[in-house]
Amino acid sequence: ALIPAALYGAVLFQRFVRGRESNYDMLEVAGVMYATLVVTVVVASLVALLVDVAAKWVLLGRRQPGVYEWDKSSYCQRWQLYLLAQRIRIKCLSGLGVLEYLT
């Protein structure tokens, strides 16, 4: 889905500059657009992973073995907050998640 979108953008750009003198080639524009898209996806993936790891350490810290009763400990509530923060990693990149791209 990403490559056709980049090529379609290059075609639109080619139509825009048609009739004018231009130094741009359609393949060069498509290549630059595709490279920009790849860099953006990589940066978004890394940011999503960093947010996930930071949320785990800020909300939960190092897990200690023991019993965590839901009405006496805040651990369960903090775990639910962590699951909300984890959705950034799971739902980013059109719902496929970050780990699909990295594995």
Side-chain angles (χ1 to χ4, degrees):
L2 300 177
I3 294 173
L7 292 176
Y8 181 70
V11 168
L12 288 178
F13 182 78
Q14 187 74 13
R15 287 183 186 167
F16 176 74
V17 298
R18 185 178 291 165
R20 294 187 231 165
E21 193 63 36
S22 175
N23 294 332
Y24 297 111
D25 182 33
M26 187 172 128
L27 290 177
E28 290 175 1
V29 172
V32 169
M33 290 175 66
Y34 185 70
T36 303
L37 183 65
V38 167
V39 169
T40 302
V41 167
V42 168
V43 168
S45 300
L46 292 176
V47 167
L49 283 175
L50 289 175
V51 166
D52 188 22
V53 171
K56 190 265 180 201
W57 283 105
V58 167
L59 293 172
L60 301 176
R62 184 176 297 274
R63 176 120 165 39
Q64 300 294 324
V67 177
Y68 296 97
E69 297 179 14
W70 67 271
D71 59 342
K72 294 180 182 171
S73 173
S74 66
Y75 181 80
C76 294
Q77 288 81 16
R78 289 182 286 132
W79 179 259
Q80 290 300 319
L81 287 173
Y82 170 65
L83 291 179
L84 284 174
Q86 195 178 32
R87 286 186 179 188
I88 293 172
R89 178 184 54 84
I90 294 172
K91 298 289 184 180
C92 76
L93 300 175
S94 302
L96 295 176
V98 173
L99 298 179
E100 295 290 328
Y101 287 99
L102 297 177
T103 57

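All values below come from the heavy atoms of this structure, side chains included, with hydrogens, waters and symmetry mates left out. From a predicted model like this one, the values you see are computed outputs, not experimental measurements.
- With sequence neighbours excluded, the residues that form a side-chain contact (heavy atoms from CB on, under 4.5 Å) with Gln86 are Asp52, Tyr82, Leu83, Arg89, Ile90.
- Checked options Gln77, Arg78, Lys72; the residue passing with Tyr75 is Arg78 (criterion: side chain to side chain contact (heavy atoms under 4.5 Å, CB included)).
- Between the side chain of Thr36 and the backbone N or O of Val32 there is at least one donor-acceptor pair closer than 3.5 Å.
- Applying the salt bridge (Lys or Arg N to Asp or Glu O under 4.0 Å) test to every pair with at least one member in residues 38-49, sequence neighbours left out, gives no pairs at all.
- For the pair Lys56 and Arg62, the tightest heavy-atom approach, listed with the atom from each and the gap, is NZ-CA, 4.4 Å.
- Note that the CG atom of Leu50 and the OG atom of Ser45 stand 11.0 Å from one another [nearest 0.5 Å].
- Connection of Val43 to Val51 is established within a shared hydrophobic cluster, with ILVMFWY side chains joined at heavy-atom distances below 4.5 Å, either directly or through further cluster members.
- Using a 4.5 Å cut-off between side-chain heavy atoms of Ile, Leu, Val, Met, Phe, Trp and Tyr, Val53 falls into a hydrophobic cluster with Trp57.
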